[in-house]
Amino acid sequence: MKADKLLINFSQIFCPIDKGHPLRGAEMSEATIIEDGYIAIKDGKILEVKAGSPREELMGKETEVINCYKKLATPGLIDCHTHLVYGGSRENEFSKKLNGVPYLDILAAGGGILSTVNSTRAASFDELYQKSTRLLDEMIIHGVTTVEAKSGYGLDWETEKRQLNVVKELETDHDIDLVSTFMGAHAIPPEFKGQADEFIDLLIEEMLPKVKEESLAEFCDIFCEKNVFTAEQSYRLLSAAKKMGFKLRIHADEIASIGGSKVAADLHTVSAEHLMVITDEDIDRLSEAQVIGNLLPGTTFSLMEDTYAPAKKMIERGMAITLTTDSNPGSCPTANLQFIMQLGCFQLKLTPIQVFNAVTINAAYSVCRNEKIGSFDTGKQADIAVFDAPNIDFPMYFFATNLVSQVYKNGELVVN
Ligand code: NIG
Ligand code: FE
């Protein structure tokens with residue numbers, strides 16, 4: 001078969017191994033690394049990825065050949081946890097953070113997430129659309145080709161729906177593929193102060209059915225945290241969502257360990273997010289229940305905390321982990337997944353192979369798109385990040401600089 005495009009002369013091609021499940025434990029250190037190889041693309045899909053020069057049979061009259069000398073290729077990066085759509089910004093909290101005011105104290109005083117709720121309620125569809133587009137533009141130039149996006153800055157139906165519709169429209173309009181998550185349980189809205197249970201009732205009885213009816217989200221998520229939602233409330237919301245056919249995630253053990261990981265294990269959520277203060281017992285629970293740990297070291301960094309998720313211990317105890325930005329205006333205002341990957345090495349002490357597996361094949365499982373993306377298996381989407389780097393160590397070592405020079409999405413060059 002002739003290829004439509006041949007990307008040749010890569011110094012290295014990172015090929016994650018799709019084993020039919022997220023890479024767990026020691027598997028996270030496995031990958032096929034091809035030296036001096038090529039990628040053949042046909043109809044927007046991967047045809048073959050091999051070492052050496054392309055076979056004669058791949059080369060037709062129409063085949064476009066692109067020289068990628070001294071470059072590294074990896075599957076398009078996947079950012080599997082973002083709060084993409086929001087109004088306003090929160091640089092006004094920055095000096096408070098510098099002075100050591102805790103994140104949850106800012107929230108309790110009506111700031112934090114609730115400040116973004118006010119700005120998002122006040123923002124029009126177009127404003128939210130433009131702002132999210134800018135973030136996606138920034139993400140794609142850093143090599144990201146698929147993004148999970150949560151609602152949760154409306155906390156009322158009108159605004160939640162507006163956020164979800166922005167994601168839906170951008171899924172069509174932007175080169176990045178989007179995976180939508182309903183996170184109406186992101187904070188307790190001011191009109192429900194002191195009535196978290198009643199707000200959970202509203203989410204279960206009114207909002208979730210509408211999200212389902214209008215096909216606005218595939219996942220449901222909740223912020224299980226001290227002074228936000230309890231483990232019981234999280235269990236109640238997520239088990240109702242599960243019955244309605246939603247896939248599940250949970251923000252757990254970010255600041256205080258209050259039982260979120262146990263909820264994740266009991267309900268077999270697809271992932272549990274943050275896990276900065278997870279206990280050893282809960283690591284074993286998640287490992288046993290095969291819940292993916294979505295780790296967000298940029299949040300620890302940006303909150304100016306010292307406690308990073310115990311990623312190495314999680315891997316030692318058999319968990320599958322991903323790395324993701326948490327991109328949001330409060331706890332992690334960035335769109336740069338490469339920097340988060342570097343924190344994966346610098347702070348979580350992961351190896352470059354573990355890091356690249358985390359943001360490709362494991363992240364593909366975390367967004368339940370593993371049949372289409374996350375590796376270079378024949379027939380998967382030709383989503384490719386090309387780094388101006390000779391090997392996978394280089395972009396981890398040469399930090400805080402964007403080293404992605406080209407991005408292919410479904411075989412088309414979208415960043416150059
Ligand atoms: O994952 N922790 C809850 N939600 C976000 C923060 C959102 C915000 O501060 O606006 C997070 O860190
Ligand atoms: Fe988050």
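Counting starts at 1 for both ligands and their atoms, following the listed order.
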Atom 12 (O) of ligand 1 sits nearest the protein heavy atom Ser331 OG, 2.6 Å

Practice item. Tell me, please, if His83 has any N/O/S atom, main chain or side chain, under 2.8 Å from the Fe ion (ligand 2)? Key: yes

Short version for His251: what comes under 4.0 Å of ligand 1, heavy atoms counted, is side chain

For His83, the ligand 1 atoms with a heavy-atom partner under 4.0 Å come out as 1 (O), 4 (N), 5 (C), 11 (C)

Check: of Tyr103, Tyr86, Phe223, min heavy-atom distance to atom 6 (C) of ligand 1 comes from Tyr103

_A cation-pi test, strictly: NZ or CZ of Arg162 under 6.0 Å from the centre of the six-membered ring of Phe125 and no more than 45 degrees from its axis. Yes or no?_
no

* Glu273 near ligand 1 by a heavy-atom separation under 4.0 Å -> no

With a cut-off of 2.8 Å, does any N, O or S atom of Asp221 fall short of it relative to the Fe ion (ligand 2)? no

| query | Any N/O/S atom of His251 sitting less than 2.8 Å from the Fe ion (ligand 2), backbone or side chain? | reply | yes

Heavy atom of Thr116, distance to ligand 1 below 4.0 Å = no

So the atoms of ligand 1 within less than 4.0 Å of a heavy atom of His81 turn out to be 1 (O)

heavy-atom search around atom 7 (C) of ligand 1 in the protein gives Tyr153 OH, 3.2 Å

